[in-house]
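When reading the values below, keep in mind they use all heavy atoms of this one structure, side chains included, and skip hydrogens, waters and symmetry mates. By convention in this document, chain letters (A, B, ...) are assigned in the order of the sequence lines, proteins followed by strands, and residues within each chain are numbered from 1.
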Amino acid sequence: MLILEVAVPRPLHERLDYLPPADGTLDNVVGRRIRVPLGKSKTVGVALGVKEGSNIPSQRLRQAEEWVDNEPLLDAELVKTLTWASQYYRYPIGEVLSSALPGVLRRGGKVQRGEVWWRLDEQLLGDATAVRRAPRQAELRERLLAAGGAARYADLVTECAAWQRAGRELERRGLLHRERRRTSNMHEQPPASSAPPTLLDAQLQAVEQINAARGFQVFLLDGVTGSGKTEVYIRAAEQAINNGRQVLFLMPEIGLAPQLLRRVKERLGDSVAVLHSDLPDVERAQAWLAARDADVAVVLGTRSAVFAPLPRAGLIIVDEEHDPALTQQDGFRYSARDLAVLRARYLGVPIVLGSATPSLESLNNVASGRYRQLALPQRTGSAKSPSIQVIDIRSRPLKGGLSAPLQQALGRHLEAGQQVMLFLNRRGYAPVLTCHACGWIAECQRCDARLTVHRRAGNMRCHHCGASRPLPSVCPGCGAGDLLPLGPGTERLEEALAELFPQYNLLRIDRDTTRRRGELEARLAAAHRGDAQLLIGTQMLAKGHHLPGLTLVAVVDVDQGLFGTDFRATERLAQLVVQVAGRAGRGDNPGEVLLQTRHPEHPLLQTLLESGYGAFAAEHLNERRAAGLPPFASLALLRAEAVDANAPYVFLEAAADWGASLTRRQQYGVELLGPVPAPMERREGRYRAQLMLRSESRYMLQAFLGDWAIKLAGLNGARKVRWSLDVDPVDTV
DNA sequence: AGCACGCCGACT
DNA sequence: GTCGGCGTGCTC
């Protein structure tokens, strides 16, 4: 008797066996969605195989209801990749499949293919009398005429929101028609644009090597900021597309997409699907299906786009490969970069990992010969590398966090008509509020953290749980006055700069000023136009933005990252400093970078400034080797949290005991470290602890996890905590 | 994850 | 006597 193996969206590590549905054959079942009964309800699963007979007693077997798809939605490669990911990250296969599929498809829905277009009725083509008295409608008609009579609805309403009503009105009068068009323009030639830039030698060589690759090969494109990595990606993509192949382009943040998207469309044509998790459900499904049907040549997206189907794959690109945002941090925890490499292998295509500050993992893979390095050591055009200097702020008076030398430098660049950027990874007005009289400090009730003062909003907020309280007017500790905000935040920085340089325009870019949709893009565009001379920002300003007028970049407080608890803290800081510095001097004028610190002699700063990121990385790799840390060892982290302070330990002790008994039975060479409290023990009212697993061998760690992880859910106390297992954790916090 | 089953406390 | 608390187990 033939049995169907189905992965259902439940936290089950096994597939479930079903009798085949009454309808249809059993050819080509893998990757097809199927409606099945489950417990009292029904659900949609994905068929993963057919087999003869089942271990489940036949009276307990239930019959699958019906196929959702006539042909596989997920192709063999994607099923293989997802199955591997489920095994490696120890996450239930059904949930892994769920996270790969856009919501609509996951729920068994079908999506209308193609996009909505608006087409002018013939009556309106040559004759404008019908819209004579309606300026919006006339405008829309002009726009559509210019596009040859029809355009994408989505493009039109983003261009001008008022056209939505105008169009509806025309539609009502039968002067405009709504229709669906499938993209199907995979080989449409891009519009002839301005001549592509001439490549530097190093860029040319990189492109040639990528284009010469036959089959799977990993390239690490190690290019200093401003060295033209994007141009290399585009040239390599161009060749893949010309060969009728698809390109997957991953980047850490969708905030970087608009600039890139424009460039990609300009050079590679309109055949691009954008795929990220903020997209409305239906659009996501359409983009996903467009990739699956090879209607698009380029799939551009954030980490979840690594699960886009690529039936005609030719090349994968991962930009900013070092960026932790490429790693999913909750639920199904995976590294999009690592899975992209796996997919490239399964698909037999080259993959390019690009960064100005490659991860130590990737550099080590270059050293061991697994990856091939493509170096771009020079900036393009006339841009020179910026000079980097440290300002020792010990015993210097600070105004809003700014030392006198920094203030002078700011004045100098501003007077020369240039832009300056101040980088401070701390939103709000001040990170601490204290009482001058009694030493009281504003703390979060639910986390081991201080409350940040947000002066403009008139409250104090916890940046870890989001709790908010009004700013007290007198000290809640002693009832006296004197409440003092300590330390700088971006809001305070803004205040100080407005006072110091009132004649210049200021633009602050952090999560507080860019909460609304499109606000980040708007502010970046304003920065680009030069509307503001002073730019203030957090982390989000550090990445990839090209601002030609910017000549001075200052890191207000480098020390924040210097003594982090995580073993990757120094790597992160080095990457941050180099990336931030890379924003300066990308036009014709040389850039200057200033770092304020209380530890000018810190070896990280010394190495980084004197010898650069490469030397830092080499040195740091040696330290990692000596300490037995990744990439010279593999880690997994079991986390647990609960309202009851003891509950995490009950569970983690049980897990550690179970692990120890396993290692006694068989020599896995896996060390169990802990349980220990998490670096911020209490968060959102829950106590958190963790158990670290370490092994010299990834293979042995995997073998161990195979035996160990499967039983975690059944351990003593497992149901009293929230727990999660993180394989290859990006941070141990 | 849902959902039911099951076994002990305070209510119409 | 029952309503409901959430601990435990199962989903083919």
Side-chain angles (χ1 to χ4, degrees), chain A residues 1-24 26 29-68 79 82-83 85-87 89-109 277 281 328-334 638-655 658 685-686 709-726:
Chain A
M1 188 171 40
L2 288 175
I3 298 295
L4 270 179
E5 297 178 291
V6 179
V8 294
R10 294 284 186 279
L12 307 172
H13 284 269
E14 305 286 320
R15 308 159 177 192
L16 301 185
D17 293 351
Y18 284 91
L19 298 171
D23 66 321
L26 287 185
V29 300
V30 175
R32 279 163 78 185
R33 288 175 297 169
I34 190 165
R35 223 174 286 284
V36 294
L38 183 66
K40 293 262 163 184
S41 59
K42 294 170 185 180
T43 189
V44 175
V46 176
L48 290 180
V50 189
K51 63 181 179 182
E52 183 63 42
S54 168
N55 295 329
I56 303 292
S58 60
Q59 68 274 18
R60 279 185 60 207
L61 284 175
R62 299 172 79 183
Q63 187 177 28
E65 245 158 59
E66 58 169 350
W67 293 106
V68 177
V79 167
L82 293 167
T83 309
S86 159
Q87 291 277 315
Y89 292 110
R90 306 288 147 186
Y91 208 74
I93 178 66
E95 314 236 288
V96 169
L97 288 163
S98 288
S99 51
L101 285 174
V104 189
L105 300 174
R106 184 188 317 156
R107 290 186 291 274
S277 44
D281 217 19
Q328 174 82 29
Q329 303 268 18
D330 45 49
F332 169 35
R333 295 159 184 263
Y334 62 89
L638 180 64
R639 303 166 210 262
E641 57 174 60
V643 176
D644 173 35
N646 202 40
Y649 291 96
V650 173
F651 169 66
L652 293 175
E653 294 287 4
W658 159 234
R686 299 169 168 280
I710 207 88
K711 294 210 173 147
L712 288 176
L715 287 179
N716 218 346
R719 294 190 74 121
K720 293 197 172 66
V721 299
R722 279 193 204 160
W723 65 270
S724 63
L725 179 62
D726 198 350

In whole angstrom, give the distance that lies between atom [atom1] of [X] and atom [atom2] of [N].
{"X": "A:Arg10", "N": "B:dA1", "atom1": "CZ", "atom2": "C1'", "value": "6 Å"}
{"X": "A:His13", "N": "C:dC10", "atom1": "NE2", "atom2": "C1'", "value": "15 Å"}
{"X": "A:Ile93", "N": "C:dC12", "atom1": "CD1", "atom2": "P", "value": "19 Å"}
{"X": "A:Leu12", "N": "B:dA1", "atom1": "CG", "atom2": "P", "value": "11 Å"}
{"X": "A:Asp17", "N": "C:dC12", "atom1": "CG", "atom2": "P", "value": "11 Å"}
{"X": "A:Asn55", "N": "C:dC12", "atom1": "CG", "atom2": "P", "value": "16 Å"}
{"X": "A:Ile3", "N": "C:dC12", "atom1": "CD1", "atom2": "C1'", "value": "9 Å"}
{"X": "A:Leu38", "N": "B:dA4", "atom1": "CG", "atom2": "P", "value": "13 Å"}

May I ask you to say what A:Pro37 touches in the nucleic acid, namely base, sugar-phosphate or nothing, with a heavy-atom cut-off under 4.0 Å?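 Result for A:Pro37 = sugar-phosphate.
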
Give a yes/no answer on whether the side chain of A:Arg719 brings an N or O atom under 4.0 Å of OP1 or OP2 in C:dG7.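 Answer no for this pair, as no side-chain N or O of A:Arg719 is under 4.0 Å from OP1 or OP2.
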
A:Pro11 side chain: which of C:dC12, B:dA1, B:dC3 is closest?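 Ranking C:dC12, B:dA1, B:dC3 by closest atom to the A:Pro11 side chain puts B:dA1 first.
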
Among A:Leu61, A:Val36, A:Ile34, which one satisfies side-chain contact (heavy atoms from CB on, under 4.5 Å) with A:Tyr18?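 Checked A:Leu61, A:Val36, A:Ile34 against A:Tyr18; only one passes side-chain contact (heavy atoms from CB on, under 4.5 Å): A:Val36.
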
Within a reach of under 6.0 Å around CG of A:Asn55, are more than 12 heavy atoms found that belong to other residues, nucleotides or ligands?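 Open: at most 12 neighbouring heavy atoms sit under 6.0 Å from CG of A:Asn55.
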
Take atom CD in A:Gln63; do more than 12 heavy atoms of anything else shown fall under 6.0 Å from it?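 More than 12 heavy atoms, drawn from other residues, nucleotides or ligands, come within 6.0 Å of this atom.
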
Taking the nucleotide of DNA chain B with the nearest heavy atom to each, does A:Lys40 or A:Glu95 sit closer to the 5' end?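 Here A:Glu95 is the residue nearer the 5' end.
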
Answer whether the closest heavy-atom distance between the side chains of A:Leu4 and A:Leu26 falls below 4.5 Å.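 The answer is yes; the side chains approach within 4.5 Å.
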
